[in-house]
Novice: 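Just dropping this structure here.
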Amino acid sequence: LFDAVNCLAKENARLLVLGRKHMLMNSSNWKREIMMEMQNKADFFFAENISEDDAFLLYATLRSGKHCKFVTRDFLRDHKACLSDSLTRHLFRKWQRGHQIVFFPSAEGRSIKFLPAFRYDCVVQTTGDTWHIPYKDVFEEKYSYQVPRKWLCIQQK
């Protein structure tokens, strides 16, 4: 969390960290001085320790406007499963792909990287006589925010 806050704060992003109240207790996992340093770089909201914090995350993201992005390692599958119909689930996945920033710790553990949210919809797109088709080189199981990053461009002659 400390590395993520520092990385995003360098980009002058306005940050809201959603956590639980146990994070305020000085412990081996949550050092008071580190928490204070993070609180100087970001706003914090601490929910009850037994709360379902995903609801806070979704509300804060939606309430903050259409350009707000969120970072979580949660895939939000439970929330998608609660949606009543396939169209609503499709819209939720599309919204998630456009707003969830994916967090990747480096192999060495020394730095972190973020895969940005999509600024476009990852579906077949056409412009005039040109088709843009997203694809993957190999089949692999994926999560809803993981979509192809390669595009095949076909132009009619």
Novice: Report yes if some heavy atom in the side chain of Met38 is under 4.5 Å from a heavy atom in the side chain of Phe2; otherwise report no.
Specialist: yes
Novice: Can you name the nearest heavy-atom pair linking Ser84 to Arg89, along with the distance?
Specialist: C-NH1, 3.8 Å
Novice: Do Leu24 and Phe44 come close enough that some side-chain heavy atom pair is under 4.5 Å?
Specialist: no
Novice: Set out, in order, the CA-CA distance, both residues' side-chain angles and the distance that settles side chain to side chain contact (heavy atoms under 4.5 Å, CB included) for Leu83 and Leu91, then state yes or no.
Specialist: CA-CA 10 Å; Leu83 298 173; Leu91 290 173; over 6 Å; no
Novice: Taking atom CD1 as the centre, does Ile154 end up with more than 12 heavy-atom neighbours from other residues, nucleotides or ligands that are less than 6.0 angstrom away?
Specialist: yes
Novice: Measuring from atom NE2 of His22 to atom CD1 of Ile50, what distance do you get when rounded to the nearest 0.5 angstrom?
Specialist: 12.0 Å
Novice: Rounded to the nearest 0.5 Å, what separation is found between the CE atom of Met25 and the CZ atom of Arg20?
Specialist: 15.0 Å
Novice: For the atom pair CG (Asn26) and CE (Met35), what is the distance rounded to the nearest 0.5 Å?
Specialist: 10.5 Å
Novice: In Å, rounded to the nearest 0.5 Å, how long is the span from CG of Leu76 to CD of Gln96?
Specialist: 5.0 Å
Novice: Are more than 12 heavy atoms, taken from residues, nucleotides or ligands other than Gln155, located less than 6.0 Å from that residue's CD atom?
Specialist: yes
Novice: So, for Lys69 and Gly98, which heavy atoms are closest and what is the spacing to 0.1 Å?
Specialist: NZ-O, 3.4 Å
Novice: Could you tell me whether the side chain of Asp43 reaches within less than 4.5 Å of the side chain of Arg14, counting heavy atoms only?
Specialist: yes
Novice: State the CZ-CG distance between Phe56 and Leu16, to the nearest 0.5 angstrom.
Specialist: 11.5 Å
Novice: According to a 4.5 Å side-chain heavy-atom criterion applied to Ile, Leu, Val, Met, Phe, Trp and Tyr, with indirect links allowed, do Phe46 and Leu15 form part of one hydrophobic cluster?
Specialist: yes
Novice: Taking the side chain as C-beta and beyond, is there a heavy-atom pair between Leu57 and Asp74 under 4.5 Å?
Specialist: no
Novice: Would Val71 end up clustered with Leu58 when hydrophobic side chains under 4.5 Å apart are linked, directly or stepwise?
Specialist: no
Novice: Do Val17 and Leu1 have side chains that approach each other closer than 4.5 Å (heavy atoms only, starting at C-beta)?
Specialist: yes
Novice: If I take atom CG from residue Leu8 and atom CD1 from residue Ile112, how far apart are they, to the nearest 0.5 angstrom?
Specialist: 6.5 Å
Novice: Parallel under 30°, tilted from 30 to 60°, perpendicular over 60°: which one fits the rings of Trp95 and Phe70?
Specialist: parallel
Novice: For Lys66, does its backbone N or O pair with a side-chain atom of His99 as donor and acceptor, under 3.5 Å?
Specialist: yes
Novice: Counting C-beta onward and ignoring hydrogens, is there a side-chain heavy-atom pair between Thr127 and His132 closer than 4.5 Å?
Specialist: yes
Novice: Do Glu33 and Glu37 have side chains that approach each other closer than 4.5 Å (heavy atoms only, starting at C-beta)?
Specialist: no
Novice: Tell me whether Leu18 is reachable from Leu62 by hopping between hydrophobic residues (I, L, V, M, F, W, Y) whose side-chain heavy atoms are closer than 4.5 Å.
Specialist: yes
